[in-house]
Every structure is written in C-alpha cells, then in structure tokens.
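Written out below as structure tokens is the structure these notes cover.
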Amino acid sequence: MNFYIGNSINEIDEQDVNIEFSDELLDFVYKLSKQDSFDMSKLYEIDPYADVEISKSDLSEIIEICNYILDTSLIQNYEEPDEGNQMLKNLVQIAQEAQSRNLGLISIGD
C-alpha cells in the first residue's frame with residue numbers, strides 16, 4: 001500500500017509524494033502486537049487492500065507506534081530489518097508532514 005498526504009481520496013494526485021508500506025510489514029506489526037502490550041491497532045487495522053482515509057487526529061498515534069517499534073529495536077526481528085526500518089521512518093516523516101499541513105493521510109491499497 002502507498003500513503004499520500006490528504007484528507008480525502010478524491011483530493012490526492014497519484015503523482016504526489018508518497019511512501020510505500022509493505023503488506024508483510026503490516027502483518028509483522030500485527031504479530032508484534034500479540035506479543036507486546038503496546039497498542040498498535042491504529043497501524044495494523046489499516047486495510048492494505050482498500051483505500052483508507054486516516055484522519056489527522058490519528059497521526060500522532062501512528063507516529064508513536066512507528067517510533068516505539070524503532071526505539072525498542074523490535075524491527076530487528078523482521079525478515080528485512082533495514083527495509084522495515086526505512087518504511088517505518090518514511091511513514092513517520094510523511095505523517096509529520098501531513099500534521100504540519102493540518103491534513104490526514106490516505107492509504108491506497110494494492
């Protein structure tokens with residue numbers, strides 16, 4: 001899936017800056033959540049096959065989840081830790097950019 005900055009699916013341009021986030025990494029986050037008491041549901045509940053509007057009010061929590069996984073080195077258990085690390089950092093960056101523009105994120109599914 002790809003994340004774009006915007007409040008609605010109709011207002012995004014697929015040529016705009018976006019980041020890719022793999023379905024495998026989303027599955028990994030879901031499995032992590034079963035082993036850890038930290039609530040990661042705002043991230044793993046995003047449907048990777050659908051187009052989803054993520055409100056600006058949810059961005060802080062998504063950033064917090066990504067940073068938690070990075071800060072606790074849990075990403076080292078992912079099959080491609082460097083790739084997973086970069087995808088999480090990219091998601092944090094685009095979410096922070098959306099916050100600075102007072103917008104949400106749109107996830108375009110596969």
Side-chain angles (χ1 to χ4, degrees):
M1 65 185 165
N2 290 66
F3 287 97
Y4 295 82
I5 295 173
N7 286 327
S8 74
I9 293 164
N10 295 333
E11 73 181 41
I12 66 162
D13 177 352
E14 293 201 19
Q15 303 306 313
D16 281 350
V17 174
N18 69 88
I19 62 116
E20 188 172 339
F21 201 89
S22 76
D23 299 352
E24 292 80 19
L25 184 54
L26 201 61
D27 288 342
F28 176 76
V29 172
Y30 176 75
K31 289 173 185 163
L32 275 181
S33 72
K34 298 297 178 202
Q35 304 163 9
D36 198 291
S37 61
F38 194 85
D39 182 9
M40 301 179 201
S41 61
K42 282 284 187 226
L43 182 55
Y44 72 72
E45 287 179 350
I46 298 170
D47 186 341
Y49 306 108
D51 297 344
V52 179
E53 296 174 357
I54 302 161
S55 74
K56 57 188 171 192
S57 63
D58 289 339
L59 295 182
S60 291
E61 196 170 341
I62 288 173
I63 291 168
E64 190 178 338
I65 293 165
C66 292
N67 284 333
Y68 175 80
I69 294 168
L70 292 166
D71 293 346
T72 57
S73 299
L74 290 169
I75 197 66
Q76 295 309 312
N77 297 324
Y78 184 58
E79 60 190 42
E80 296 282 341
D82 292 339
E83 181 182 286
N85 192 9
Q86 192 59 54
M87 281 189 273
L88 289 168
K89 286 180 178 179
N90 290 345
L91 182 52
V92 168
Q93 288 175 336
I94 200 168
Q96 288 173 333
E97 175 65 22
Q99 284 179 319
S100 73
R101 292 159 70 181
N102 202 28
L103 296 168
L105 288 178
I106 307 297
S107 169
I108 303 297
D110 298 334

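Basis for what follows: all heavy atoms, side chains included, without hydrogens, waters or symmetry-related copies.
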Table please: side-chain donor-acceptor pairs of residues 74-88 below 3.5 Å, with sequence neighbours left out.
unit_1 : atom_1 : unit_2 : atom_2 : d
Y78    : OH     : S22    : OG     : 3.3
Y78    : OH     : L25    : N      : 3.3
Q86    : NE2    : N90    : OD1    : 2.9

* Asked: Do you reckon L32 sits in the same ILVMFWY cluster as Y68, going by side-chain contacts under 4.5 Å, direct or chained?
  -> yes

* **Minimum heavy-atom distance between G109 and D51, given as atom pair plus value** => N-OD1, 3.2 Å

* salt bridge (Lys or Arg N to Asp or Glu O under 4.0 Å) pairs, two or more places apart, involving residues 97-109 -> E97-R101

* To do: Kindly work out whether a path of hydrophobic side-chain contacts (I/L/V/M/F/W/Y, heavy atoms less than 4.5 Å apart) joins F28 to L43.
  => yes

* Asked: Hey, any chance L103 and V92 share a hydrophobic cluster, counting ILVMFWY side chains that come within less than 4.5 Å of each other, even indirectly?
  -> no

* Can you list every salt bridge (Lys or Arg N to Asp or Glu O under 4.0 Å) pair that touches residues 18-36, not counting sequence neighbours? -> none

* **N18 side-chain N/O to F3 backbone N/O, donor-acceptor pair under 3.5 Å** => no

* Asked: Nearest 0.5 Å, what's the CD-CD1 distance between E11 and I106?
  -> 6.5 Å

* Structure fact -> When rounded to the nearest 0.5 Å, the distance separating OG1 of T72 from CG of N67 is 10.0 Å

* Evaluate the criterion side chain to side chain contact (heavy atoms under 4.5 Å, CB included) for residue pair L26 and M1; output intermediate values, then yes/no. => CA-CA 10 Å; L26 201 61; M1 65 185 165; 3.6 Å; yes

* Below 4.5 Å, heavy atoms only, C-beta onward: do I69 and M40 meet side chain to side chain? -> yes

* To do: Indicate the atoms forming the closest heavy-atom contact of G104 with A98, along with that distance.
  => O-CB, 3.6 Å

Under 3.5 Å donor-acceptor pairs involving side-chain atoms of residues 56-65, not counting sequence neighbours:
unit_1 : atom_1 : unit_2 : atom_2 : d
K56    : NZ     : N102   : OD1    : 3.4
S57    : OG     : S55    : OG     : 2.8
S60    : OG     : Q99    : NE2    : 3.0

* side-chain hydrogen bond (donor to acceptor under 3.5 Å, both in side chains) partners of D39, counting only residues at least two apart -> S41

* Starting at CG of D16, measure out to CG of N2 and round the result to the nearest 0.5 Å. => 12.0 Å

* Asked: Which residue pairs pass the ring-ring contact (aromatic ring centres under 6.0 Å, His included) test with at least one member in residues 85-110, sequence neighbours excluded?
  -> none

* Asked: Honestly curious: do I46 and I108 fall in one hydrophobic cluster under the side-chain, below-4.5 Å linking rule?
  -> no

* Under the side chain to side chain contact (heavy atoms under 4.5 Å, CB included) criterion, do V17 and I5 qualify, and how do the steps go? -> CA-CA 8 Å; V17 174; I5 295 173; over 6 Å; no

* Asked: L91 and C66: which non-hydrogen atoms are nearest, and at how many Å?
  -> CD2-SG, 3.7 Å

* Please state whether the rings of Y30 and Y44 are parallel, tilted or perpendicular, taking 30° and 60° as the class boundaries. => perpendicular

* Examine L105 and I9 and state if one hydrophobic cluster contains both, with Ile, Leu, Val, Met, Phe, Trp and Tyr joined whenever side-chain heavy atoms are less than 4.5 Å apart. => no

